[in-house]
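Inspection log for the structure reproduced underneath, given as structure tokens.
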Amino acid sequence: MTMSDPVVEDVVTTVSHSAPEIRRGLVGRRDAVDEENPSGETQVEADIWADELLADRLSSIDGVSQYASEEREAIIDCGRDAASTDGYTVAVDPLDGSSNLTSNNAMGTIIGVYDAPLPARGENLVAAAYVLYGPITTMLLATEDTVSEYELTDGNHRRIREDITLPDDPVVYGFGGRVPDWTDEFTEYARTIETELKRRYGGAMIGDVNQVLTYGGIFGYPGLESRPEGKLRLQFEGNPVGYIVEQAGGRSSNGEQSLLTVDPSDDIHERTPVFVGNESLIDRLEMQLS
Ligand code: FDP
């Protein structure tokens, strides 16, 4: 894995080497602990363990000035460059979809490398990646130049696809949230999509987004009647996944505009509706919701 930016290369190599270890460490760490993450969600042992492992490794990379995680309240200043604006901020969702650990379904790890302190716009990302713990462990990496997929085994990463773009003809869709809790406008949109595409929803964003990148289509977790801000976090989930899909020729949206152009609030754990997929499907969604 050779990249033009040595810090990004270090971050990505660290994640790709840690992923098989994280996967092995899930065994025996499936139980809920008596704590909640900063978004008020139940944590399992593996959430905390994976966060500590990644915090330790990523914050010791020269050129990383901040480590932020969905599983911890505050940002870690990494010392060396902390007072300057020189270093990158690495934002991590250590185990995306960790409620799937109970039922032994797919999960992921998401990484965003921002060239700005958090909270930042998605436009400040210089790279983003996710690991998918499926039947095999893979990593999707988007840089300013290209999007590639790797297979990860212990100490090894093998590129299996390069210059990935979304297929032109969309096939799958997956929408989160209880249907009665959807807004009328979103329900109307979903009803049309249901007649055109095949439903695929696995309950871990990374698994669902990876299907969209593989087959074409749309993934969405909309704003709900009971929770207009939606469920997913802008800094840790929406922005990195939006960046990856846009680099692959698709679009991201919060229902009104690209996720990457959203001005964040002061809260690094801010939630947002998230939609990613083929351009034409996101354009139609925005027309329907406006
Ligand atoms: P989880 O709660 O298991 O961590 O990150 C939030 C997330 O999973 C996403 O990965 C996933 O897309 C979504 O929540 C699933 O929510 P629902 O259970 O409401 O479908």
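Note that the numbering runs from 1 along the sequence shown for the chain. Only this structure's heavy atoms are used, side chains among them; waters, hydrogens and symmetry mates stay out.
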Is there a continuous path of hydrophobic side-chain contacts, each under 4.5 Å between heavy atoms, that joins L140 to M205? yes
Note: S148 and I164 closest approach over all heavy atoms is C-CD1, 3.8 Å
Among R23, H17, R24, find the residue that satisfies the side chain to side chain donor-acceptor pair (under 3.5 Å) test when tested with D154. R24
Ion pair E151/R158, N-O distance below 4.0 Å: yes
D77 side chain vs Q66 backbone, donor-acceptor pair below 3.5 Å: no
Which residue, E270, E71, E41, forms the salt bridge (Lys or Arg N to Asp or Glu O under 4.0 Å) with R233? E41
Please determine, by modelled atom types, if Y133 and T109 share a side-chain donor-acceptor pair under 3.5 angstrom. yes
With a 3.5 Å distance limit and no angle check, can you tell me whether T195 reaches the backbone of T192 through a side-chain donor-acceptor pair? yes
Would you please say whether a donor-acceptor pair under 3.5 Å links the side chains of R57 and T14? no
Quick note, side-chain hydrogen bond (donor to acceptor under 3.5 Å, both in side chains) partners involving residues 215-230, not counting sequence neighbours, are D181-S226
What I'd like to find out is whether the side chain of I206 reaches to under 4.5 Å of the side chain of M107, using heavy atoms alone. no
What pair of heavy atoms forms the shortest contact from L281 to P170, and how long is it? CD1-CB, 3.7 Å
Determine, using the 4.5 Å side-chain heavy-atom cutoff (strictly less than), whether I268 and V262 are members of one ILVMFWY cluster. no
Are Y114 and Q235 packed together at the side-chain level, in the sense that at least one heavy-atom pair is separated by less than 4.5 angstrom? yes
Ignoring hydrogens, what is the shortest heavy-atom contact between T42 and A32? Give both atom names and the distance. CG2-CB, 3.8 Å
Backbone N or O of R284 within a donor-acceptor pair of the Q288 side chain at under 3.5 Å? no
Is the shortest side-chain N to carboxylate O distance from E52 to R29 below 4.0 Å? no
Under the rule for ring-ring contact (aromatic ring centres under 6.0 Å, His included), what residues qualify as partners of F236, not counting sequence neighbours? H269
Please name the pair of heavy atoms, one in A106 and one in A204, separated by the smallest distance, quoted to 0.1 Å. O-CB, 3.3 Å
Quick one: does T89's side chain have a donor or acceptor within less than 3.5 Å of a partner on A116's backbone? yes
So CD1 of I160 and OG1 of T138: to nearest 0.5 Å the spacing works out to 6.5 Å
When you compare the side chains of D51 and Y67, does any donor N or O come within less than 3.5 Å of an acceptor on the partner? yes
Flag, side chain of Y173 to backbone of Y201, donor-acceptor distance under 3.5 Å: no
Okay, side chain of N278, backbone of S280: is any donor-acceptor separation there less than 3.5 Å? no
Does some side-chain heavy atom of L260 sit less than 4.5 Å from a side-chain heavy atom of N239? yes
Looking only at side chains, do D267 and S265 share a donor and an acceptor under 3.5 Å apart? no
Where does the angle between the aromatic ring planes of F175 and F186 fall among parallel (under 30°), tilted (30 to 60°) and perpendicular (over 60°)? perpendicular
Would you check if the side chain of W49 reaches a backbone N or O of V44 as a donor-acceptor pair within less than 3.5 Å? no
Please examine the side chains of L259 and N254, heavy atoms only from C-beta on, and report whether any two atoms are closer than 4.5 Å. yes
Testing E246, E279, E286 for salt bridge (Lys or Arg N to Asp or Glu O under 4.0 Å) with R251, which one passes? E286
Residue pair R191, E188: steps toward the salt bridge (charged side-chain N to carboxylate O under 4.0 Å, His left out) verdict: CA-CA 5 Å; R191 292 285 98 94; E188 204 171 313; over 6 Å; no
Between R121 and D263, is there a side-chain N and carboxylate O pair less than 4.0 Å apart? yes
Side-chain donor or acceptor of R271 paired with backbone N/O of S39 under 3.5 Å: yes
Does a donor on one side chain sit under 3.5 Å from an acceptor on the other, for N210 and Y130? yes
Per the side chain to side chain contact (heavy atoms under 4.5 Å, CB included) rule, which among D208, D96, V276 passes with V241? V276
Is any side-chain heavy atom of V7 closer than 4.5 Å to a side-chain heavy atom of D62? no
Could you tell me whether the side chain of R30 and the main chain of T102 form a donor-acceptor pair under 3.5 Å? yes
